[in-house]
Amino acid sequence: MLVLITYDVNTQDAPGRKRLRQIAKQCVNYGQRVQNSVFECLLDPAQCRLLQAKLCKIMDPEKDSLRFYYLGSRYENKIEHFGAKATYDPEDVLIL
């Protein structure tokens, strides 16, 4: 299923900036960054629960926000892209 993950981390202090980097690093391991704090991730239910647990462990619930949007397996018609950045196919081969 395609999951859209968004986050807002309070970066007013050094621990906040560290949390921001750690959350982004975990998200990069599971998906593609589509905007600064937005990732599209193709996950099975177990991967999704694991990633949620990792991110919730990193974040500070008093200062930060984390959102998961579940677009499902038929996500192609639920996404429209406009603007400068090129879109990508999440199921296509990704060369690093």
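Counting begins at 1 with the first residue of the sequence.
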Between atom [atom1] of [X] and atom [atom2] of [Y], what is the distance when rounded to the nearest 0.5 Å?
{"X": "S37", "Y": "I23", "atom1": "OG", "atom2": "CD1", "result": "9.0 Å"}
{"X": "Q47", "Y": "M1", "atom1": "CD", "atom2": "CE", "result": "9.0 Å"}
{"X": "L43", "Y": "L2", "atom1": "CG", "atom2": "CG", "result": "8.0 Å"}
{"X": "Q12", "Y": "R17", "atom1": "CD", "atom2": "CZ", "result": "9.5 Å"}

(message) If the condition is side-chain hydrogen bond (donor to acceptor under 3.5 Å, both in side chains), which residues does Y7 pass it with, not counting sequence neighbours?
(response)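 Y7 satisfies side-chain hydrogen bond (donor to acceptor under 3.5 Å, both in side chains) with no residue once adjacent residues are dropped.
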(request) Give the C-alpha distance, both sets of side-chain angles, the deciding distance and a yes or no for side chain to side chain contact (heavy atoms under 4.5 Å, CB included) between L55 and F68. (result) CA-CA 11 Å; L55 297 180; F68 282 68; 3.9 Å; yes
(message) Filter on salt bridge (charged side-chain N to carboxylate O under 4.0 Å, His left out), then keep only pairs touching residues 58-68, sequence neighbours left out; what's left?
(response)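 Output for this query lists D13-K63, R19-D64.
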Should [X] and [Y] be counted in the same cluster of Ile, Leu, Val, Met, Phe, Trp and Tyr side chains packed under 4.5 Å apart?
{"X": "L50", "Y": "M59", "value": "yes"}
{"X": "Y70", "Y": "I5", "value": "yes"}
{"X": "L20", "Y": "L66", "value": "yes"}

Contact summary for [X] and [Y], nearest pair of heavy atoms:
{"X": "C48", "Y": "V3", "value": "SG-CG2, 4.2 Å"}
{"X": "Y30", "Y": "K54", "value": "OH-NZ, 3.1 Å"}
{"X": "G31", "Y": "C41", "value": "CA-SG, 3.7 Å"}

(request) Kindly write out the residues that satisfy side chain to side chain contact (heavy atoms under 4.5 Å, CB included) with A53, not counting sequence neighbours, or none if the list is empty. (result) none
(request) Test side chain to side chain contact (heavy atoms under 4.5 Å, CB included) on K25 and V28 and set out the steps. (result) CA-CA 5 Å; K25 186 176 179 181; V28 165; 5.8 Å; no
(message) Assess the residue pair L51 and Q26 against the criterion (side chain to side chain contact (heavy atoms under 4.5 Å, CB included)); give the C-alpha distance rounded to whole Å, side-chain angles, the decisive distance to 0.1 Å, and a yes or no.
(response) CA-CA 8 Å; L51 181 55; Q26 286 300 320; 4.2 Å; yes
